[in-house]
Amino acid sequence: LACVFVRFGEDNGLIDEPLLSGPGDRGAVARAAQQRYFTDHPHDSDRDYLHHVFRRAAALPGLAGVVGEGESPLWLVDPPADACTRLLAVFRRATESGELAHDFTDPTWSTRFLGDLYQDLSEHAKSTYALLQTPEFVEELILDRTLTPAIETFGLARTTLIDPTCGSGHFLLGAFHRLWQAWRDAEPATPEGELAERALKQVTGVDLNPFAAAIARFRLLVAALRVSGITRLADARDFTIDVAVGDSLLWGARTGQLTGMEQAGTAADRQFLYRTEHGDDLRRIFDRQYAAVVGNPPYIVCRDPALNQQYRDRYQSCHRQYSLGVPFTERFFELAVQPDGLGRPAGYVGMITANSFMKREF
């Protein structure tokens, strides 16, 4: 996945010097760069070279949160050197006609394929995280009924949106584009990059799967670059991308403890953190409420007995053999701004709901 991120940047000119491969003569440039690396580091392997590639990429604005050490889960695995050699061969493979088998060049910089790619390649992601891409027309329908009226209700500057089950970021991308366009319509003289930064700060995503979260971060970065008219990462600002890894069901205060769209007190701290989780970001994200809450939560049954019990203890709606759609329904509604009876409007919630929600006893 990290190789795909880098190759997308290389093939579309976002990264100046190709280090993995690329169409045309860029493949030869990448192989020459690798040869120079081994001349300077004769005892290193292809695994070390890939680490070198990722460190170079992480030094560019925006990519530290995607492939950087301490951020990307790729640094938690240690594949053997020969596996890295085979991986490089995959990204450099040519067809019988001599064309590069995997060419990520796209004048439109569309990144939707990343979610589809990960979903179709990883059976583990499908079964463990119920990873399933949201159709575009469904995403648009839900945003039409949540983000659009939220902007009208709260005003553009005070509108915030969260997807607590963001996956590879379909709702986040749609929300970003709508907010950016709204800002551009309101302030046509303001530089596009500044408007992109504003829109990014209004969009928040969380997902338990660190790989899906990395895809979401990368997609938001590419979208911000495109609307800003930036064609090289080296020329970009370090955009704020608010996507965190963690369990949205286990962070933050519960219903009745939140007091508005601003900070609302101390969240219940977790007793432990997985290495991929962003604890500080999760505390901040779940200690507030949002004008719009959207998403496509997983509708699988939690098979881990201890975690299942934690959800039961925390969410009173968890009954019998409940699916995770049940506690997530509670979570979505409590993350939305609550009316105070004094004229403050309520936030908007839009989510995909399994038909089992209406048919089963839970």
Side-chain angles (χ1 to χ4, degrees), residues 1-16 18-20 22 50 53-76 91 102-122 125 129 131 133-134 139 163 165-177 180 193 196-197 199-201 203-228 230-246 276 278 281:
L1 187 60
C3 286
V4 172
F5 294 150
V6 174
R7 275 292 310 280
F8 185 93
E10 292 178 344
D11 292 8
N12 290 288
L14 293 169
I15 296 175
D16 293 332
L19 299 179
L20 288 180
L50 283 178
V53 170
F54 298 141
R55 289 190 179 100
R56 285 277 297 270
L60 293 168
L63 284 184
V66 177
V67 296
E69 294 180 74
E71 291 290 337
S72 171
L74 77 90
W75 299 97
L76 301 181
F91 285 95
H102 303 297
D103 186 347
F104 297 94
T105 306
D106 181 0
T108 68
W109 290 3
S110 173
T111 54
R112 187 178 178 88
F113 79 95
L114 286 167
D116 298 327
L117 174 70
Y118 183 44
Q119 169 188 289
D120 294 338
L121 285 181
S122 178
Y129 302 107
L131 183 66
Q133 304 309 300
T134 303
E139 167 229 307
D163 182 349
T165 57
C166 70
S168 55
H170 293 328
F171 282 109
L172 302 183
L173 262 289
F176 166 76
H177 283 295
W180 181 83
E197 176 71 9
L200 284 172
K201 287 182 176 179
V203 175
T204 299
V206 179
D207 202 88
L208 182 62
N209 182 347
F211 304 103
I215 294 173
R217 293 181 66 89
F218 183 76
R219 297 184 68 197
L220 284 170
L221 171 63
V222 172
L225 294 172
R226 184 160 179 79
V227 300
S228 303
I230 298 170
T231 58
R232 297 170 64 246
L233 276 165
D235 298 332
R237 65 167 70 194
D238 200 8
F239 287 109
T240 301
I241 300 177
D242 199 15
V243 177
V245 178
T276 54
H278 301 130
D281 290 335

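Worth saying up front: this structure is predicted, and the values here are computed from it rather than measured.
Counting all heavy atoms, side chain and backbone alike, A216 lies closest to G167 at CB-O, 3.8 Å. Residue A214 comes nearest to V66 through the heavy atom pair O-CG1, 4.2 Å, listed as atom of the first residue, atom of the second, then distance. The minimum heavy-atom distance linking F176 with A224 is given by the pair CZ-CA, 3.8 Å. V243 and R217 get closest at one heavy-atom pair: O-NH1, 3.0 Å. When all heavy atoms are compared, the tightest approach of D207 to C166 is OD1-N, 3.5 Å. The minimum heavy-atom distance linking A175 with V203 is given by the pair CB-CG2, 4.1 Å.
Under the side-chain hydrogen bond (donor to acceptor under 3.5 Å, both in side chains) criterion, the residue pairs touching residues 1-10 are R7-D11, with sequence neighbours excluded. The stretch residues 234-243 participates, sequence neighbours left out, in these salt bridge (Lys or Arg N to Asp or Glu O under 4.0 Å) pairs: R232-D235, D242-R284.
Counting only distance, with no hydrogens or angles, the side chain of R226 and the backbone of W109 share no donor-acceptor pair below 3.5 Å. The backbone N or O of G205 sits nowhere less than 3.5 Å from a side-chain atom of D163 that would complete a donor-acceptor pair.
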Can V53 and C3 be said to form a side-chain contact (heavy atoms from CB on, under 4.5 Å), step by step?
CA-CA 9 Å; V53 170; C3 286; over 6 Å; no
Are L220 and F239 close enough, and set up right, to give a side-chain contact (heavy atoms from CB on, under 4.5 Å), and what steps lead you there?
CA-CA 9 Å; L220 284 170; F239 287 109; over 6 Å; no
If you apply the rule side-chain contact (heavy atoms from CB on, under 4.5 Å), what do you find for V6 with L19, and how did you get there?
CA-CA 9 Å; V6 174; L19 299 179; 5.9 Å; no
So V4 and F113, side-chain contact (heavy atoms from CB on, under 4.5 Å) or not? Walk me through it.
CA-CA 11 Å; V4 172; F113 79 95; 4.2 Å; yes
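The side-chain heavy atoms of L114 and F8, taken from C-beta on, include no pair separated by under 4.5 Å. Looking at heavy atoms from C-beta onward, F5 lies in side-chain contact with I215 at the 4.5 angstrom threshold.
Interatomic distance, F104 CZ to F91 CZ, rounded to the nearest 0.5 Å: 5.5 Å. Atom CG of L173 is separated from atom CD of E139 by 8.0 Å, given to the nearest 0.5 angstrom. For the atom pair L14 CG and L63 CG, the distance stands at 8.5 Å (nearest 0.5 Å). The distance from atom OG of S168 to atom CZ of F211, rounded to the nearest 0.5 Å, is 14.0 Å. Between T231 atom OG1 and N12 atom CG the span is 11.0 Å, to the nearest 0.5 Å. To the nearest 0.5 Å, the span separating OG1 on T165 from CG on L208 amounts to 11.0 Å.
For D106, the side-chain hydrogen bond (donor to acceptor under 3.5 Å, both in side chains) partners are T108, not counting sequence neighbours. The side-chain hydrogen bond (donor to acceptor under 3.5 Å, both in side chains) search around E197 returns T240, not counting sequence neighbours. With sequence neighbours left out, R219 forms a side-chain hydrogen bond (donor to acceptor under 3.5 Å, both in side chains) with T111, H170.
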Distance-only donor-acceptor pairs under 3.5 Å for side chains of residues 68-75, two or more places apart:
| from | atom 1 | to | atom 2 | distance (Å) |
| --- | --- | --- | --- | --- |
| E69 | OE2 | R55 | NE | 2.8 |
| E71 | OE1 | H278 | NE2 | 3.4 |
| S72 | OG | L74 | N | 3.1 |
| W75 | NE1 | V67 | O | 2.9 |
| W75 | NE1 | G68 | O | 3.4 |

